[in-house]
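We number each residue from 1, following the sequence as shown. The figures that follow rest on heavy atoms only: side chains count, while hydrogens, waters and symmetry mates do not.
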Amino acid sequence: MEVPRSLETMAGLKEAVTTTHRDYEGGGVIAVDFGPAAGEPAVDVVGETAIVVLDDDQFEFEIPGTASVVDVNNGVLTLAE
């Protein structure tokens with residue numbers, strides 16, 4: 001699973017944001033850690049688009065076709081196959 005380009009550019013907007021991509025035998029995982037200073041992000045899925053709201057900022061990105069999980073927990077956005 002490839003990291004959506006808009007998630008990579010989102011990381012550039014907040015210094016504390018770290019994006020990690022791991023491929024495993026059973027699938028891949030993308031984790032976007034917004035860090036403790038960024039506040040608690042929220043995610044909403046509309047069709048094939050994920051909308052992330054963080055403080056006063058809103059980001060949208062197309063969910064990779066193979067992702068079956070889009071979730072936020074403890075400030076970490078996770079996409080998993």
Side-chain angles (χ1 to χ4, degrees):
M1 177 169 48
E2 294 291 322
V3 177
R5 180 162 278 338
S6 55
L7 276 180
E8 292 173 346
T9 59
M10 181 189 334
L13 295 175
K14 299 278 187 184
E15 296 82 31
V17 177
T18 304
T19 302
T20 306
H21 175 225
R22 299 280 188 257
D23 283 318
Y24 301 101
E25 191 173 308
V29 175
I30 298 169
V32 182
D33 186 345
F34 291 93
E40 184 64 30
V43 66
D44 192 18
V45 176
V46 179
E48 297 177 3
T49 302
I51 303 166
V52 178
V53 178
L54 179 63
D55 295 331
D56 294 331
D57 296 320
Q58 178 175 315
F59 308 95
E60 297 180 11
F61 63 92
E62 187 174 328
I63 300 168
T66 58
S68 59
V69 174
V70 179
D71 191 25
V72 172
N73 191 11
N74 291 328
V76 179
L77 170 68
T78 304
L79 289 85
E81 293 180 304

Heavy-atom pair with the smallest gap, counting every atom of I30 and P4: CD1-CD, 4.0 Å
Side chain proximity check, V72 to F34, heavy atoms < 4.5 angstrom: no
In one Ile/Leu/Val/Met/Phe/Trp/Tyr side-chain cluster, 4.5 Å: I63, V52: yes
Side-chain (H21) to main-chain (G28) donor-acceptor, under 3.5 angstrom: no
Straight-line distance of F61 CZ to L77 CG, nearest 0.5 Å: 5.0 Å
Distance (rounded to the nearest 0.5 Å) between E40 CD and L54 CG: 9.0 Å
V76-V43 co-clustered via ILVMFWY side chain contacts under 4.5 Å: no
Side-chain touch V46/I51, heavy atoms, less than 4.5 angstrom: yes
Distance-only polar pair, side chains of E60 and T49, donor-acceptor under 3.5 Å: no
Exceeds 12 heavy-atom contacts within 6.0 angstrom, atom CD of E2: no
Residue D23 excluded, over 12 heavy atoms near CG under 6.0 Å: yes
Beyond-backbone contact of L79 with P64, side-chain heavy atoms, under 4.5 angstrom: yes
